[in-house]
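Naming convention: chains lettered A, B, ... in sequence-line order (proteins, then strands); numbering from 1 in each chain.
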Number of protein chains: 4
Amino acid sequence: MPEAESTETSAPRRRQARGERRVAQLLEAAAGVFCRSGYAAASTNAIAREAGVSPGTLYQFFPNKEAIAIELGGQLLHKAAETHGQAFLPENLALPLPELLDAVLDPVIAFNCENPAFCALMHGSGIPGHINDEHEALHTGIQERVEQVLGHLTPGLSTAERAVTAHVVLAVFKSSLDLILASEGAEREAYIAEVKTLLRRYLEPLVAPLPTTP
Amino acid sequence: MPEAESTETSAPRRRQARGERRVAQLLEAAAGVFCRSGYAAASTNAIAREAGVSPGTLYQFFPNKEAIAIELGGQLLHKAAETHGQAFLPENLALPLPELLDAVLDPVIAFNCENPAFCALMHGSGIPGHINDEHEALHTGIQERVEQVLGHLTPGLSTAERAVTAHVVLAVFKSSLDLILASEGAEREAYIAEVKTLLRRYLEPLVAPLPTTP
Amino acid sequence: MPEAESTETSAPRRRQARGERRVAQLLEAAAGVFCRSGYAAASTNAIAREAGVSPGTLYQFFPNKEAIAIELGGQLLHKAAETHGQAFLPENLALPLPELLDAVLDPVIAFNCENPAFCALMHGSGIPGHINDEHEALHTGIQERVEQVLGHLTPGLSTAERAVTAHVVLAVFKSSLDLILASEGAEREAYIAEVKTLLRRYLEPLVAPLPTTP
Amino acid sequence: MPEAESTETSAPRRRQARGERRVAQLLEAAAGVFCRSGYAAASTNAIAREAGVSPGTLYQFFPNKEAIAIELGGQLLHKAAETHGQAFLPENLALPLPELLDAVLDPVIAFNCENPAFCALMHGSGIPGHINDEHEALHTGIQERVEQVLGHLTPGLSTAERAVTAHVVLAVFKSSLDLILASEGAEREAYIAEVKTLLRRYLEPLVAPLPTTP
DNA sequence: GATGAATGAGGATTCATTCAT
DNA sequence: TATGAATGAATCCTCATTCAT
């Protein structure tokens, strides 16, 4: 008789647990749908269906479609943070550039390969211009992290220069990530190697007085 | 009998002229809407409204939304071809890399700044997977052009390597273009300079035995 | 110099001639489209296109879609009348029933096979109830003709009985005609024979004291 | 725990009940609209309006217009089957023809008078050629039933002859049904009697060595 | 919470018809 | 006359969101 033993704390706790399961369920479904259709073309009904719940249930946990994307982004970010150290920031920023790139990019790429929804979300609504505040926030967060790393790497740059470089690095990396995610096997490896080469050559002159570029 | 002749020919001519004006009007409106909303989110009704005509009128000139995008892409390509020599291919591919990049990128960037719709169209439907045949064709065409130039630049690469490089160059350039188009004035200039730097550093080792990178 | 010699009578005449050609052109096109799509699904634009003229031209000769059907029906009726004597009424109504049926039905069937649009028109707009006045008129005209023949055949019937019989005969014949038109070759011949048998057996008891049915 | 149980089962049950009511409502509305306008001219919006719901609601229960027709046809067929024995096939096929016709036709006619939508559906889309698969299926089903009965009646006919006869019988009956449905009272009775007479006279020579036709 | 029915504006597209030329 | 552009309401259908149960 579980009802009897349910104290004032355990019943809500169970409910809350169930709620979290639901949220997880919905987010997983959303991840799938976003990947398959992109954010804009994903319909909330499709997400609910994929999650095996009714549309109403979805709206019990998320006020609207955007909120799903935001939460999903957040969760993925969090997952990334706990899987890979402090959100992809390697402990040792003093590594030589090629090793640093490996240290930073390998986990990020691996994470995106395992969670392709993350990339789908990064591309935003497909509607240019002001996507949306929270979406923007995700972006900005990543952006800042890139700037942080760049700050360590290239102390000689002005803030403005660093911002430009960070934007370029991020944009370039994102588009390369699409290439990586769209391919498989050896081709994917080739793209991965190529992005690293690209970024290494781009950043090397900024970071070291004695470039070792081949 | 000039009267009969002139009326018989000038009336259709005027009508045709009006039709062409409408098409131009509609394409301009479409360009605007595509820029603002992206291809997928652009509605034919919105395009018609922007053009100041009824939905029916739009469909007198275009069989469907895709046809608008295709025609717009075609017109822009054509416009590009006649504005800038032979579709952005500079006469002299033997230029030193920095000059070559200027020669290739400056017109392309200028063109995209003047015709931001082109970029919007390049981004496709936003729906992953099979976008659409003609859309794809546009892409492939550009792709081939990039490979051509790369062929001249880097005769040492295998076909597969060249394809990878071309994809990366194109992806990188497209994403940088977004940055450029999203900014203005000095910021824009900074991005432009940065893309060139990026590509120069990336390609230099491939092209020249004696790199001049600072 | 045809303009000079065009007197006040010949110019209008030419215009009128041209008009009649246009009408014929349009009606022929309409016949084709009605056959292929049925009356309801036929679009005036499609008719104009088939006729090789613009929608506007069509509306210069016909006030609306219905008018086309009416005129087409009329023309076909007229054509029938002049091809086959006095609109399918045989000279000799005193023939024995089987011969009479041949004499009446063979031309009608032949005519409908050559002009399948007629049948398409008879089926009306597909919208039950009061189709439309003129459409109705066509129907009524045929109806009356059937009653005429029946009047000769079966003088014993009351007016009401005759009306019922005429309606049944007509309905039955129309539906059989569909079967005939939908088939070809031997199958068509079989249907033709069958309709005659059907009508013969139906009418024989009404017409003759001594049935000769096998 | 009856409370929990009752709420957990009765709420869905009530919802489901509402859904079924809606479906019934929509089908009834569809029946009305199909009758008034025919299948082709019936609009889903009109059906929804007639049912007093929004277009979206209609599409919650039916994926498209055709599905409505199919479901309505199915329901009517089912209703027919349970109202009248085994889909209008009388127990005793060995009855004398006049009684057999009464036994077969009376229920069919009664059913169609009570459910005129059935007849509207039978007339198909109005567009010649390939109507639609399920529509076709309905037709074929009826066709087969007619052939079955004919098989009992007229064992002397070849398969091909039987098919022709069945087609003719069905076509003739359908068109007569239109007449019946379009009339009322005594007129309707007259038409009913007349169809029976027609079919009796048509089939008698096929079925019996000693015709009793008056 | 969970359900799924309900909404209604909006999507692309068609079409009979009108109008300026 | 002939043209074809122009109209706009109507078509089927979708979707984010809400509501009663």
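- At the phosphate of dT7(F), OP1 or OP2 sits under 4.0 Å from a side-chain N or O atom of Ser54(B).
- Listed candidates were dT7(F), dA5(E), dA5(F). Nearest to the side chain of Thr57(B) is dT7(F).
- Contacts of Thr44(B) with the nucleic acid, taken as non-hydrogen atoms under 4.0 Å apart, include base atoms.
- The CZ atom of Phe34(C) sits 6.0 Å away from the CD1 atom of Ile68(C) when rounded to the nearest 0.5 Å.
- With both pairing distances under 3.5 Å, dT7(E) is matched to dA16(F) as a Watson-Crick or G-U wobble pair.
- Taking every heavy atom of both residues into account, Ala42(B) and Val33(B) meet most closely at CB-CG1, 3.6 Å.
- Of the candidate nucleotides dA2(F), dT18(E), dT13(E), dT18(E) has the atom nearest to the side chain of Pro55(C).
- At the heavy-atom level, Ser43(B) lies under 4.0 Å from the strands shown only through sugar-phosphate atoms.
- For Phe61(B), the side-chain atoms get nearest to dA5(F) when compared with the rest of dG8(E), dA5(F), dC13(F).
- Contact annotation for Ala42(B): backbone-only contact, meaning every heavy-atom pair under 4.0 Å involves sugar-phosphate atoms and none involves a base.
- Among dT14(E), dA5(F), dA2(E), the nucleotide with an atom closest to any side-chain atom of Arg18(B) is dA5(F).
- Atoms OH (Tyr39(D)) and C1' (dC12(F)) sit 11 Å apart, rounded to a whole Å.
- In this structure, dT13(E) and dA10(F) make a Watson-Crick or G-U wobble pair, each of the two defining distances being under 3.5 angstrom.
- At the phosphate of dT13(E), OP1 or OP2 sits under 4.0 Å from a side-chain N or O atom of Tyr59(B).
- One atom, CZ of Arg21(A), and another, P of dG1(E), lie 12 Å apart when rounded to the nearest Å.
- Both Val53(C) and Ala46(A) lie near DNA chain F, and the one whose nearest nucleotide falls closer to the 5' end is Val53(C).
- For the atom pair CD1 (Ile47(D)) and CD (Gln25(D)), the distance works out to 13.0 Å, reported to the nearest 0.5 Å.
- Computed from coordinates, the Ile68(B) CD1 to dA12(E) C1' distance equals 10 Å when rounded to whole Å.
- Within 6.0 Å of CD on Glu50(D) lie more than 12 heavy atoms contributed by other residues, nucleotides or ligands.
- Mapping Asn64(D) and Arg22(C) onto DNA chain F via the closest heavy atom, the residue that lands nearer the 5' end is Arg22(C).
- Heavy atoms of other residues, nucleotides or ligands lying less than 6.0 angstrom from CD of Glu71(D) number more than 12.
- You'll find that the side chain of Asn45(A) is closest to dT17(F), out of dC12(F), dT17(F), dT3(F).
- In this structure, Ile47(A) atom CD1 and dT17(F) atom P are separated by 11 Å, rounded to whole Å.
- Each of dA5(E), dT17(E), dC13(F) was ranked by its minimum atom distance to the side chain of Gln60(D); first place goes to dA5(E).
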